[in-house]
Peer 1: 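One structure, pasted below without further comment.
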Amino acid sequence: MISPHGTPDPQPGQGPAQGQGFDAHDPPSPDLISDCVHCGFCLPACPTYALTGEEMNSPRGRIYQMKLIGEGEAPLDAAAVGHFDNCLGCMACVTACPSGVQYDRLIQSVRPQIERNWARTRADRAFRGLIFRLFPYPRRLRPAAALGALYQRLGVRRLLQRTGVTRRLPARLRALEALMPDVPLRSALRRTPAHSPARGQASAPAARRTVGMVTGCVQQVFFAHVNEATVRVLTAEGCDVVAPREQGCCGALSEHAGREEEAVVRAKRLIETFEDLEVDAVVVNVAGCGSALKEYGRLLAGDPEFAERAERFAAKVRDVSELLAELPPLAPRHPVPARLAHHEACHLAHAQGVRRAPREVLSAVPELEVVDIPESDMCCGSAGVYNLVQPESAEELGRRKAAHVRSTAPEAVVTANPGCLLQISRHLDSELPVLHPVQVVDASIRGVKPW
Amino acid sequence: MIDTALRKRFEAALGRDAVLTDPLQLRTYECDGLTGFREVPALVLLPRTTEQVAAAVALCAEAELPFVARGAGTGLSGGAVPVAQGVVISLARMRQVLEFDPDDRTMVLQPGVTNAEISKVAAPHGLYYAPDPSSQVVCTIGGNVAENSGGAHCVKYGFTVHHVTALTVVLPDGSVVRLGGDAPETAGPDLRGLFIGSEGTLGIATEIRVRLLRTPQSVRTLVADFPTVEAAGEAVSGIMASGIVPAAVEMLDALAIEASEAAVQAGYSLDATAALVVELDGMEDECEEQFERVVALCREKGTTHIRIATDAEERARIWKGRKAAFAAVGRISPDYFVQDGVVPRTRLAEALSRIAAMSRAEGLRVANVFHAGDGNLHPLVLFDEQAGEAERAERLSSEIAEMCVELGGSLSGEHGIGLDKACSMPKMFGEEDLAVMGRLRSSFDPGGLANPGKVLPTPRLCGESPGRYRPHPLETAGVIERW
């Protein structure tokens with residue numbers, strides 16, 4: 001069960017005064033709140049409502065709390081913060097809502113309000129600080145991953161698990177430990193080349209597109225092989241791929257956690273990195289990042305220097321599956337005779353509204369059978385840093401997703417987001433390979449086994 | 001009053017995580033789908049089993065605390081609005097399918113299972129649950145029992161009462177009884193029938209046995225556009241008079257089509273004044289033959305365009321458009337009331353003309369989405385609260401419901417009386433009728449603890465002006481609070 005007080009009680013005398021409402025900087029808009037007619041169609045779509053059955057842990061209930069707090073009828077207190085923190089930000093409710101309520105914008109206004117107007121406990125702040133000082137920085141993450149690889153290779157992990165040390169860690173550290181993927185040391189140190197030319201095909205000798213590629217932060221360290229597969233597939237499909245070396249983090253993790261200032265700085269830097277490149281599209285293979293990139297226009301709307309540039313940049317962003325679906329296949333596909341379960345990443349399906357493209361791209365692979373997972377609209381519990389900061393509910397959702405995956409009896413699972421990938425692998429106890437769809441396409445083009 | 005000792009007893013019976021007392025959390029339970037009525041409860045309970053519900057109700061009985069059962073909180077008549085200082089018993093954690101016998105075509109459900117979930121579980125066996133309220137993806141079977149919910153297909157298949165064969169009920173004194181039985185017919189008075197539609201005033205159903213139907217061999221669906229609402233109404237009468245029993249006959253007017261299209265783009269014609277959705281189901285040959293006749297009848301009555309669903313996906317889209325229409329009205333109007341009334345089918349056209357006239361007179365738009373096959377109207381009164389239109393809208397909405405009674409119909413088809421229409425009950429029933437209902441209710445609930453103030457008018461309730469929540473002037477001045 002989720003505790004209704006997901007956030008530990010504050011300690012007195014630190015940070016901003018407790019029990020205040022929202023401040024004047026971009027509070028959740030009363031107009032957007034009033035779009036909600038309280039019909040409840042969002043309830044069955046909401047993972048935390050599915051777990052708790054509690055109104056205050058549903059989108060309708062959260063909007064109601066925003067209204068009460070915004071109108072000064074209730075304080076922003078531990079209970080409210082707990083319910084907002086509990087929200088995964090999966091946006092399944094946005095898809096489900098018949099009234100067009102923009103819950104995504106509402107919750108994105110609330111999160112920075114919490115960071116500004118609510119004093120988290122020292123332990124909570126320290127843990128969040130650790131996450132945000134580590135994950136968005138490939139240069140820090142790389143040595144950490146290398147250490148992690150050693151930790152696994154030398155059997156320390158197994159030893160700690162066997163002796164029960166892991167079990168005694170606090171829930172959040174345990175979640176961090178358990179999610180750590182088995183990264184081959186070499187993989188953690190690989191980098192995407194700055195320029196990969198299109199590989200000419202007889203039917204189309206010249207490059208069809210020039211694309212910029214966002215290499216990600218967690219992605220390039222833990223999933224360098226997915227980036228490599230992406231480059232191979234794009235070049236085989238006639239794209240010149242430009243991947244600037246020093247990109248930094250796109251700010252998605254920060255933005256989805258309400259760390260707005262951090263997100264703004266990172267967004268600006270990424271825009272600067274890409275805007276002078278002459279590219280037709282900016283490609284990203286991480287659903288969570290893609291949804292943030294497409295929202296840059298909104299994030300920077302109030303910044304006169306960046307508003308227009310952000311809009312321009314955002315308009316070019318494509319998930320890799322979207323781009324591939326736009327381009328008729330060029331490179332021949334070899335058969336991949338297998339049954340795959342397709343897990344839709346929330347940040348692709350709900351936040352970006354991209355549902356058909358991954359299916360279309362996979363359908364071009366001969367002999368591949370792609371099946372949907374029951375309850376496919378429900379989040380797997382990964383949700384950015386959610387499975388680290390809210391380990392209990394993430395754990396329940398992960399188990400639930402794994403059970404649904406197993407029920408389809410697949411040989412492997414595909415999903416377009418590294419967070420989902422880690423979360424699902426963990427809850428499947430690594431019994432099935434979990435891949436990014438682009439890896440399957442890559443294997444099909446190269447005529448090798450995908451796993 | 002609920003003191004610490006009593007709260008601890010609730011916690012001991014249900015577990016600590018099943019008892020909510022935080023003021024903000026309680027406020028999220030202050031209203032259901034009809035937000036105009038609000039009352040903050042003293043306590044919200046989230047039991048998981050029949051035993052826990054019985055224990056909770058027994059404690060309420062002992063302490064003489066009023067209690068209100070709540071499912072998904074989607075009701076549109078204020079039936080799940082809490083009682084001040086009372087207890088809300090939320091059934092949202094009771095969502096297990098307890099038994100499923102595909103051969104016998106029955107299922108036993110906890111009350112928090114959603115209506116759509118039943119058909120989802122039954123589907124692999126070629127079965128489904130027939131009543132299909134528009135909110136079926138979210139509304140619960142417990143709420144369906146309380147309201148005797150119908151839906152688009154009840155013109156052919158009937159209401160909840162025709163599909164629930166037995167109930168395990170916690171009575172207001174905490175005792176647990178079983179109403180109805182496994183067999184389709186039982187001896188003695190039909191207490192099961194009495195309980196269904198009693199809106200939470202006789203107790204709480206905790207186990208519900210439903211019968212399932214075989215998925216029809218063939219389903220055909222069309223949308224026919226008409227130049228006038230009257231012409232569409234005549235087509236409905238024509239179809240019903242021909243001896244065909246359609247699975248559903250629904251009507252949307254131009255305003256409802258506009259809203260629905262804005263929300264789900266189901267492909268309704270934006271230039272039609274009225275659209276009929278007609279669905280037939282059954283054995284393939286019969287279905288085909290009747291479908292041809294329906295198409296011919298629509299043409300005869302002047303349809304301007306007929307769209308026939310070519311596959312299951314298109315049919316689902318047509319229905320999605322119809323079922324999302326209520327909530328979709330939020331896209332074309334800042335505020336609205338959903339009304340629910342019934343008129344004899346033969347007086348549909350008359351009722352619609354009168355609604356149009358009333359709408360013009362009040363200067364407010366009214367959208368119509370309804371189950372035309374059985375004369376169940378759902379006029380949606382559109383208004384803007386900020387422009388001060390709430391009171392007029394409320395008046396218009398009540399007038400429409402009372403006009404339905406005047407035409408020989410009913411105050412409510414399926415949304416229930418709840419808090420919203422309790423004070424209109426005397427328009428439909430005589431004093432003695434109401435007294436009988438009151439005596440029946442007292443025999444189940446002598447203490448008057450189960451959902452008091454709902455369904456039957458009370459002098460206190462109806463002495464105050466009914467309708468939407470309006471802050472008391474003292475509240476606005478900050479002198480009193482509503483906690």
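Quick caveat, the model's predicted, so the values are computed rather than measured. Labels below follow one simple rule: chain letters A, B, ... track the order of the sequence lines, proteins then strands, and each chain is numbered from 1.
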Peer 1: Looking only at heavy atoms, what is the nearest atom pair of B/Leu24 and A/Ala80, with distance?
Peer 2: CD2-CB, 3.3 Å

Peer 1: Between the side chain of B/Arg331 and the main-chain N/O of A/Pro98, is any donor-acceptor distance below 3.5 Å?
Peer 2: yes

Peer 1: Quick one: what part of B/Ser135 sits under 4.5 Å from any heavy atom of chain A, side chain, backbone, both or neither?
Peer 2: both

Peer 1: Quick one: pull up CD in B/Glu385 and OG in A/Ser34 and give me the separation to the nearest 0.5 Å.
Peer 2: 10.0 Å

Peer 1: Between A/Arg60 and chain B, with a heavy-atom cut-off of 4.5 Å, which part of the residue counts as in contact: side chain, backbone, both or neither?
Peer 2: side chain

Peer 1: In terms of heavy-atom proximity below 4.5 Å to chain B, should A/Cys97 be classed as side chain, backbone, both, or neither?
Peer 2: backbone

Peer 1: Would you say A/His38's side chain and B/Leu34's backbone share a donor-acceptor pair under 3.5 angstrom?
Peer 2: no

Peer 1: Backbone N or O of B/Arg27 within a donor-acceptor pair of the A/Tyr64 side chain at under 3.5 Å?
Peer 2: no

Peer 1: Please name the residue in the list A/His83, A/Glu55, A/Gln65, A/Glu54 that meets the side-chain hydrogen bond (donor to acceptor under 3.5 Å, both in side chains) test with B/Gln25.
Peer 2: A/His83

Peer 1: With only heavy atoms counted, which part of B/Cys139 is less than 4.5 Å from chain A, the side chain, the backbone, both or neither?
Peer 2: neither

Peer 1: For A/Pro44 versus B/Val137, what's the shortest heavy-atom pair and its separation?
Peer 2: CG-O, 3.3 Å

Peer 1: Against chain A, work out which of B/Ser90, B/Ala325, B/Ala92, B/Ala259 has the most heavy-atom pairs shorter than 4.5 Å and name it.
Peer 2: B/Ala92

Peer 1: For B/Arg7, does the CZ atom have more than 12 heavy-atom neighbours from other residues, nucleotides or ligands under 6.0 Å away?
Peer 2: yes

Peer 1: If you define the side chain from C-beta out and look only at heavy atoms, does anything of A/Val37 sit under 4.5 Å from B/Tyr336?
Peer 2: yes

Peer 1: Counting heavy-atom pairs closer than 4.5 Å to chain A, which one of B/Lys320, B/Met94, B/Arg70 comes out on top?
Peer 2: B/Arg70

Peer 1: Identify the heavy atoms of B/Gly71 and A/Tyr49 that sit nearest to each other, and give their distance.
Peer 2: O-OH, 4.5 Å

Peer 1: If you compare all heavy atoms of A/Met56 against all heavy atoms of B/Tyr29, which two are closest, and at what distance to 0.1 Å?
Peer 2: SD-CE1, 4.1 Å

Peer 1: Out of curiosity, B/Asp22 CG to A/Asp77 CG, how far, rounded to the nearest 0.5 Å?
Peer 2: 6.0 Å

Peer 1: Check whether B/Ser134 gets within reach of chain A through its side chain, its backbone, both or neither, counting any heavy atom under 4.5 Å.
Peer 2: backbone

Peer 1: Given that the side chain runs from C-beta out, which part of B/Glu30 has a heavy atom under 4.5 Å from chain A: side chain, backbone, both or neither?
Peer 2: side chain

Peer 1: If we ignore hydrogens and angles and just use 3.5 Å, is the side chain of B/Arg95 paired with the main-chain N or O of A/Ala50 as donor and acceptor?
Peer 2: yes

